[in-house]
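Notes for the one structure printed next.
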There are 2 protein chains.
Amino acid sequence: MGEPEERPDDAGRTARPRGSGDGSADRKSPGGSRARGGRPTMADVARAAGISTALVSIVIRGVPGASEATRQRVLRIADELGYVPDQRAQKLRQSRSRVLGVTFELQQPFHGDLVEQIYTAAGQQGYEAMISAVAPSRSETTAVNALLRERCEAAILLGSELETEELTRLARRLPTLLVARHTDLSGVGVVRSDDTAGIGLAVDHLVALGHRRIAHIDGAGAPGSSDRRLGFLQAMAGHGLQDTADVLAGGLTETAGAEGMRYLLGRPTPPTAVIAFNDRCASGVLDVLARQGCDVPGEISVVGYDDSRLAKLPHVQMTTVSQNAAELAEAAVTSALALIAGRQPEEVVLTPRLVERATTGPARS
Amino acid sequence: MGEPEERPDDAGRTARPRGSGDGSADRKSPGGSRARGGRPTMADVARAAGISTALVSIVIRGVPGASEATRQRVLRIADELGYVPDQRAQKLRQSRSRVLGVTFELQQPFHGDLVEQIYTAAGQQGYEAMISAVAPSRSETTAVNALLRERCEAAILLGSELETEELTRLARRLPTLLVARHTDLSGVGVVRSDDTAGIGLAVDHLVALGHRRIAHIDGAGAPGSSDRRLGFLQAMAGHGLQDTADVLAGGLTETAGAEGMRYLLGRPTPPTAVIAFNDRCASGVLDVLARQGCDVPGEISVVGYDDSRLAKLPHVQMTTVSQNAAELAEAAVTSALALIAGRQPEEVVLTPRLVERATTGPARS
DNA sequence: TTCCCGGACTAGAACGTACTAGTTGATCTC
DNA sequence: GAGATCAACTAGTACGTTCTAGTCCGGGAA
């Protein structure tokens, strides 16, 4: 391949230099007069404009106290120098950081929806969202600690699986808000949708379509899982169907859904409808059914949960229970701000809504 | 529902107070002697221990210069007070922030994989990754500006779609590294895998299995798209199959793949194999095929790209071209550090690898 | 004894910003 | 014409850390 590199491990790798002078050498001193190797500061702008840093600060923040002429000149000079305010110094100076910390799971589409909405909800309240990801190789504790060091004013944890003890410790140092998780812990705020009622909606819908044998592939130990399981059993019992209510241990991934569905299809009398723990799980269910040539909703109906991106895909059109990410996010930000303001933690429970799409239909039998 | 709230829009929402005294009132002054309403600082710890802040700093950072007895005592007191170092103040004082900024697309599974690996790769080099998400409602410019204000030492942009002009501006202020995107722009580093060769691997594989009519659903204007399109056409021509090479405008979502596949199935003579722009796109393709009762790989073979989480799902087992997220991430971090150290921007090209799984097989005809 | 050395510790100055409490000089009021 | 008012600007401190340049003290070497 290319010319050899001094890096030791360049197996299967090509590297060639690029550019011709626009590299880092130029970057070091764009302003000219600035001596140190850092980025331009307010003092650099002030010096270039022949005024005090205080006045530059006034202009940059856009507060009254500077003449229009000066304002224009300072902004122009700042732009020329490539000046960007140092957020760390800003926040350090201001007593309030106006930052909300958010932990989320990197591979959970619904968390992606929530994060997006939290960005905008926080922005509308003059706050900034700082996100910290949870992944197989990055524990929730690591993610939370990162937020702690950033001096967020509050932490919003999406679908947290933190131990009670750790949660208590966190809540002692920082206003803490749990989203989409149920907890009896006092001292932490909760914003969630009514999981029990949500699954109830799904059951009602299916029963109204004539289904009797309905299975629920649950979320195993995931947050909200036990509520949904309970909601399923209660709703089924409410329709007198406790004997045909079937609960399977599942999980929140496509794999869990696929395994669950394969198991159900192996039964002598498979259910005519399946309610999955979430959309990802339902995706796995649908995939297995499609591969088996099983018509959805002709032979089997499927309901997901979350109304995430996955459910909305035009070729999927999944019937699902919507937690309404936007509403949840807004409630989360509002609650977090209330906590910051010193109000007592509350539990906000939103009402979910059934979104009927194309994966449910009349029972066959 | 519950008792009325003072919030105006409490439609479908229940709120009840929770907890009994472990709320924010307690949180305000856990240390006891601390007057202001903030979190404990180094000075608080120093006061409680009866020593100077400098010595506390020495203990907290774990550098030599304190007796073992003091060390123990300070750590105990710090823990009791719930002291956490203020990262902003730390970074402000230190000339180097040791933070790498990363922008990524919230709903792109492969970006999730990359981010996860970047976290660990950065950590190994003593750096911290600060992530900033891109989503439909949050532009890449917004994401990049957030990083700029945080005084990251470098920016790593995953699959950026930034205009050349904006990219140039950014690169002038900050060492900038593009991942998985091709650019001729000098002054920015690039880490990508060889897209042309990658698609070539897929074509070679399919041709070896006897396929002749092969279609490529491309990535429309997405980064890397033109390289892959070119690679497809070149590889097909290399096998003398330029006449049966078929390129369709696609995109990087399931929807694009599904639409493309439906279109292909409507043809008089559909292809016997499809190479999608990425795994998400291939997911859409597979979904449509499953629904049509079309056997994969019996009737049609499908190849994805990225080897993301989606391809590895046990019930999917997608044949795909691996960009090896871990390797890409490590190269990205290494390159970013090189840029920070003042070395000239390079283009690092990794060699992709074909991962044969269950969605490809011998051509039927 | 004297001198020096080194371990344990501290005073105080940065870092880049925001903000309080001014200081100008000009215009307005009666 | 004297004081008041106002707009435009500045000096200097504080935010919570790190780090340089010390001080202090006990003990070993000469």
Side-chain angles (χ1 to χ4, degrees), chain A residues 31 34-74 78 81-99 126 128 148-153, chain B residues 31 34-74 78 81-99 128 148-153 173:
Chain A
R34 200 154 35 78
R36 263 183 325 289
R39 287 149 73 160
T41 80
M42 207 164 244
D44 296 314
V45 178
R47 202 173 309 123
I51 56 175
S52 71
T53 59
L55 190 49
V56 176
S57 174
I58 285 170
V59 171
I60 295 294
R61 279 176 296 147
V63 299
S67 70
E68 191 49 35
T70 314
R71 199 172 290 277
Q72 300 278 343
R73 200 161 53 91
V74 168
L81 293 184
Y83 169 74
V84 181
D86 186 329
Q87 179 151 247
R88 294 187 318 252
Q90 282 183 326
K91 306 267 150 134
L92 178 59
R93 181 57 238 262
Q94 293 162 336
S95 44
R96 320 206 24 194
S97 71
R98 302 201 83 85
V99 171
E128 196 180 345
L148 225 36
R149 282 194 304 269
E150 290 287 345
R151 282 287 190 272
C152 303
E153 292 185 28
Chain B
R34 200 155 35 78
R36 263 182 326 287
R39 289 149 72 161
T41 80
M42 208 164 244
D44 296 314
V45 178
R47 203 174 308 123
I51 56 176
S52 71
T53 59
L55 190 49
V56 175
S57 172
I58 284 170
V59 171
I60 296 293
R61 278 176 298 149
V63 298
S67 71
E68 191 50 34
T70 316
R71 198 172 288 278
Q72 301 277 344
R73 200 160 54 90
V74 168
L81 293 184
Y83 168 73
V84 181
D86 185 329
Q87 179 152 247
R88 293 188 318 251
Q90 281 183 327
K91 305 267 151 133
L92 178 59
R93 181 55 238 258
Q94 294 163 337
S95 43
R96 320 209 22 196
S97 72
R98 302 202 81 87
V99 171
E128 196 180 345
L148 225 36
R149 282 194 304 270
E150 290 288 344
R151 281 288 188 271
C152 301
E153 292 186 29
R173 340 201 136 184

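Given the structure is predicted, the values throughout are model-derived calculations rather than measurements. Chain naming here is simple, since letters A, B, ... match the order of the sequence lines and numbering starts at 1 in each.
The nearest whole Å value for the distance from the CZ atom in B:Arg96 to the C1' atom in C:dC15 is 16 Å. In this structure, B:Asp44 places its CG atom 13 Å from C1' of D:dT17, rounding to the nearest Å. Distance B:Arg39 CZ to D:dC15 P: 16 Å, rounded to the nearest Å. If you take CG of A:Leu55 and P of D:dC9, they are 5 Å apart, rounded to a whole angstrom. For the pair A:Gln90 CD and D:dT17 P, the interatomic distance rounds to 19 Å; values are reported in whole Å. Taking atom NZ of residue B:Lys91 and atom C1' of nucleotide D:dC15, one finds them 18 Å apart after rounding to whole Å. One atom, CD1 of B:Ile58, and another, C1' of C:dG7, lie 11 Å apart when rounded to the nearest Å. Taking atom CE of residue A:Met42 and atom P of nucleotide D:dT10, one finds them 13 Å apart after rounding to whole Å.
In this structure, A:Glu150 does not pair ionically with B:Arg88, as no charged nitrogen and carboxylate oxygen lie closer than 4.0 Å. Using a 4.0 Å cut-off between a side-chain N of Lys or Arg and a carboxylate O of Asp or Glu, B:Arg98 and B:Glu153 do not qualify as a salt bridge.
Considering only heavy atoms from C-beta on, B:Arg149 comes within 4.5 Å of A:Val84 through its side chain. Within the 4.5 Å cutoff, the side chain of A:Glu128 has heavy atoms near those of the A:Gln87 side chain.
If you check every strand for non-hydrogen atoms under 4.0 Å, A:Thr53 touches nothing. Contacts of A:Ala54 with the nucleic acid, taken as non-hydrogen atoms under 4.0 Å apart, include base atoms. Base engagement by B:Ser57 is indicated by at least one non-hydrogen atom pair under 4.0 Å involving a base atom. Within the nucleic acid shown, B:Pro85 comes within 4.0 Å of sugar-phosphate atoms alone, with no base atom in reach, counting heavy atoms only. Note on A:Ile60: nothing from the nucleic acid sits closer than 4.0 angstrom, heavy atoms only.
For the residue pair B:Glu68 / B:Gln72, a side-chain donor-acceptor distance below 3.5 Å is found, with atom types taken as modelled. Side chain to side chain, A:Arg71 and A:Ser67 fail the donor-acceptor criterion of an N or O pair below 3.5 Å.
Which of D:dT10, C:dT17, D:dT17 sits closest to the side chain of A:Ile51 comes down to D:dT10. Considering only side-chain atoms of B:Ser67, the nucleotide from C:dC9, C:dC15, D:dT17 that sits closest is C:dC9. Of the candidates D:dT10, D:dG16, C:dC9, D:dG16 carries the atom nearest the B:Thr41 side chain, counting heavy atoms from C-beta on. Side-chain proximity of B:Asp86 to C:dC9, D:dT17, D:dT10: nearest is D:dT17.
Not one side-chain nitrogen or oxygen of B:Thr70 sits closer than 4.0 Å to the OP1 or OP2 atom of C:dA8. For the pair B:Arg151 and C:dG16, the criterion of a side-chain N or O lying under 4.0 Å from OP1 or OP2 is not met. Side-chain nitrogen and oxygen atoms of B:Ser52 include at least one within less than 4.0 Å of the OP1 or OP2 phosphate oxygen of C:dT10. Using a 4.0 Å cut-off, some side-chain N or O of B:Arg61 falls inside it from OP1 or OP2 of D:dC19.
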